[in-house]
Amino acid sequence: DGGITQSPKYLFRKEGQNVTLSCEQNLNHDAMYWYRQDPGQGLRLIYYSQIVNDFQKGDIAEGYSVSREKKESFPLTVTSAQKNPTAFYLCASSLTSYEQYFGPGTRLTVT
Amino acid sequence: DAKTTQPPSMDCAEGRAANLPCNHSTISGNEYVYWYRQIHSQGPQYIIHGLKNNETNEMASLIITEDRKSSTLILPHATLRDTAVYYCIVRVVETSGSRLTFGEGTQLTVNP
């Protein structure tokens, strides 16, 4: 089945640790995105990549880093510099300019 | 990007049409209207998009006013599974990949 996978579904970390969230797609999409969602809020764009080895900051990139070494993979690292990392993280990809396909999300809890 | 305004919540009876409004009074000529929905604790799902003509697909219909300052998403026969947050987004389409700005959307609750 084609789609986007994010793992794990739930992730727990201690404050001060970096953590990397996985996002893989087998849809052959060029563009990939990372969003953050806080309770009761809409999605906010963290980073996006339109092509391999290139990515751009979104609206809330501080405290996050990404890489795009392969077309199908776009991992997100939440660094210790991110002041409020506990959130629901969503990865998406798109081929056309209209429709983004979203993964199931990773719920990160930092204590 | 043009700002959108949606009611925070709406209710609908199962089997009836759900009409979700969106105001985008500052929309410019090259901006499209997109609708996505998000069922609780899942990733958002694309529903439909349009520029100025009304659009229909297997999920919904999109009605855009002639001045393009508002639109309505219509779910013709709402089911319990349509309970979700519905997001109206206005965005210029870029050539490869399109940044989407999600507001807080409308929580639609379909009641039995």
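Note that the coordinates shown come from a computational prediction; the quantities given were computed from them, not determined experimentally. The chains referred to below are lettered A, B, ... by the order of the sequence lines, with proteins before strands, and numbering in each begins at 1.
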(Q) Counting C-beta onward and ignoring hydrogens, is there a side-chain heavy-atom pair between A:Arg107 and B:Ser41 closer than 4.5 Å? (A) yes

In terms of hydrophobic clusters joined by side-chain contacts under 4.5 Å, are [X] and [Y] together?
| X | Y | value |
| --- | --- | --- |
| B:Ile74 | B:Met10 | no |
| A:Ile46 | A:Leu11 | yes |
| A:Leu76 | A:Leu45 | no |
| A:Trp34 | A:Tyr101 | no |
| A:Met32 | A:Val78 | yes |

(Q) Less than 4.5 Å to any heavy atom of chain B: does that hold for the side chain of A:Gln37, its backbone, both, or neither? (A) side chain

Q.
If I measure from the heavy atoms of chain A, does B:Gln38 come under 4.5 Å with its side chain, its backbone, both, or neither?
A. side chain

Q. Tell me, side chain or backbone of B:Glu104 under 4.5 Å from chain A's heavy atoms, or both, or neither?
A. both

Q.
Given 3.5 Å as the limit, does a donor-acceptor pair link the side chain of B:Tyr87 with the main chain of A:Leu43, or not?
A. no

Q: Verify the ring-centre separation between B:Phe102 and A:Tyr35: is it less than 6.0 angstrom?
A: yes

Q) Could you state the interatomic distance from OH (B:Tyr36) to CD (A:Glu99), rounded to the nearest 0.5 Å? A) 6.0 Å

**Q.** From CG (B:Leu100) to CZ (A:Phe102), nearest 0.5 Å
**A.** 6.5 Å

Q) Hey, which residues of residues 53-67 of chain A are touching chain B, say heavy atoms under 4.5 Å apart? A) A:Lys57, A:Gly58, A:Asp59

Q: Grab the two heavy atoms, one from B:Pro44 and one from A:Leu90, that are nearest each other, plus how far apart they are.
A: CD-CD1, 4.0 Å

Q: Kindly check if the number of other-residue, nucleotide or ligand heavy atoms within 6.0 Å of CG (B:Leu51) is above 12?
A: yes

